There are 2 protein chains.
Amino acid sequence: MAKNKRDIERQVKQEEIEAAATRLFVERGYDATSMAQVAEQAGVAPNTLYWYYKNKDEMLVATLNRLVGKGLSEYAQMADQPLDTQLLWLLGQFEQFSALVTTVHARVEHAATVREWHANFHMMLDQLMIARLQAQGVTAEQAGLLATVTGFVVEGLLSHATPQPQREAIVQWLLRAGVQTA
Amino acid sequence: MAKNKRDIERQVKQEEIEAAATRLFVERGYDATSMAQVAEQAGVAPNTLYWYYKNKDEMLVATLNRLVGKGLSEYAQMADQPLDTQLLWLLGQFEQFSALVTTVHARVEHAATVREWHANFHMMLDQLMIARLQAQGVTAEQAGLLATVTGFVVEGLLSHATPQPQREAIVQWLLRAGVQTA
DNA sequence: AGCTTATCTTGAATTGCATTCAAGATCATT
DNA sequence: AATGATCTTGAATGCAATTCAAGATAAGCT
């Protein structure tokens, strides 16, 4: 698709910027990271960022897509594990970005682009979960409900720092109860 | 405790400020409301607010306490209703402040005072819930787990705008499954 | 009643932020 | 080589929270 020296440099520079943004957002948090800091880490002037992203929220979405992409490719290895194992693994993965979970919810109200990303993300996870549950014989309706609840519980666990044993107990109970009461 | 003309005026002014802050925070959101706007609505200079509150986060906590206080006094009327009715009523109440749910989570990372308020709030709701469940014969352990999950689900429902029938189905399933699998 | 002190109130900074502007540099294509 | 598109940047702009120093006002004391 891209063959110019320009097109290549553009992609490289975008990757540098997004790598810097990801690192800072994860380490210090979105609010505490200024555009100037991202620019400095990426080795460009602050306003240069606005050539690549319309605003800070779009930069956030770019980093989110990057993180999710990486996460999904690793998830492929887990495809044949039982559901509770998968969920606990997912929680472990997301833990490092737990601050971003809150950030996304905070920005959803203000930025249409984040709102859209958020909606798609939930739909994707719901679909994944529903497919797994239906394969276990859960009805479509019950699977939908359970997927929604599971999503809420995952977000809750991430944004409320729950100790590991309690976390496991919750996930295990939820799935057992979900299938049992189907 | 307070008998001075000064002490009285202080309380009155605080109430004016908090009323203004509450209205603006609920209507426009915390981030979108500037200290200057609160000051204007309260009829004081922007910096006057800093005599009453150390910073914007402390003003937020003051408004939260006010809202929760009001909510709890209304909740007293619901004391003898079944648990699912209570939860759905609670959701209805909180709905108007759903934006503040996200705001609190966002500020928890940055402001110790909000962090503390948030922890206390969850503990209070957990205790309420646990007491109710134990009265129904649920073990302490299971009640604790279920209270946590319910808290997450309530927050999820509030911050993700779920249609009413689905909301009811979720609450009803959750409580039924919770008691059933105890 | 005066004097002193603690309690407020405020106009005018200060600082830090996201974002924009206008002007220049660099590359691709003809 | 000429032209236009693609970047890059230094210098604004505007808005936010927060602080500072100086002035008002009331309380408590003699």
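Order of the sequence lines fixes the chain letters, A, B, ..., with proteins taken first and strands second; residue numbering starts at 1 for each chain. Predicted model, so just to flag it, every value in this text is computed and none were measured.
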Does a side-chain N or O from A:Lys13 land closer than 4.0 Å to OP1 or OP2 of D:dT8, or not?
yes

Integer-rounded Å distance: C:dT20 C1' and A:Leu49 CG:
14 Å

Just by distance, no angles: are the side chains of B:Gln41 and B:Gln37 close enough, under 3.5 Å, to form a donor-acceptor pair?
no

So, is the end of the B:Lys56 side chain (NZ or CZ) under 6.0 Å from the ring centre of B:Tyr30 and within 45° of the ring's axis?
yes

Distance, rounded to the nearest Å, where A:Asp7 contributes CG and C:dC27 contributes P
14 Å

Would you say the side chains of A:His122 and A:Glu155 form a donor-acceptor pair under 3.5 Å?
yes

Can B:Glu18 and B:Arg23 be counted as an ion pair, charged N to O under 4.0 angstrom?
no

DNA chain C: 5'-proximal contact among B:Pro46 and B:Arg10 (nearest heavy atom):
B:Arg10

For A:Thr48, answer base if it contacts any base atom (sugar-phosphate contacts may also be present), sugar-phosphate if it contacts only those atoms, and nothing otherwise; contact means non-hydrogen atoms under 4.0 Å.
base

Rounding to an integer number of Å, can you tell me how far B:Asp31 CG sits from D:dC15 C1'?
14 Å

Measure CD/A:Gln14 against P/D:dT8 and give the value in whole Å, please.
11 Å

From the set D:dA17, D:dT9, C:dA18, return the single nucleotide nearest to any side-chain atom of A:Ser34.
C:dA18

Counting the atoms with a prime plus P, OP1 and OP2 as sugar-phosphate, which does B:Tyr52 contact under 4.0 Å by heavy atoms, base, sugar-phosphate, or nothing?
sugar-phosphate

Rounded distance (Å) that lies between atom P of C:dA18 and atom NZ of A:Lys56
4 Å

Would you mind reading off the distance between B:Glu58 atom CD and D:dT19 atom P, rounded to a whole angstrom?
11 Å

Closest-nucleotide ordering on DNA chain D, the 5'-leading residue of B:Glu9 and B:Gln37
B:Gln37

Specify the separation, in whole Å, of atom CE of A:Met35 and atom P of D:dA12.
21 Å

Between CH2 of B:Trp51 and P of D:dA21 the distance, given in whole Å, is 15 Å

Starting the side chain at C-beta, find the nucleotide from D:dT18, C:dT10, C:dT19 nearest to B:Val44.
C:dT10

B:Gln14, CD atom: more than 12 neighbouring heavy atoms under 6.0 Å
yes

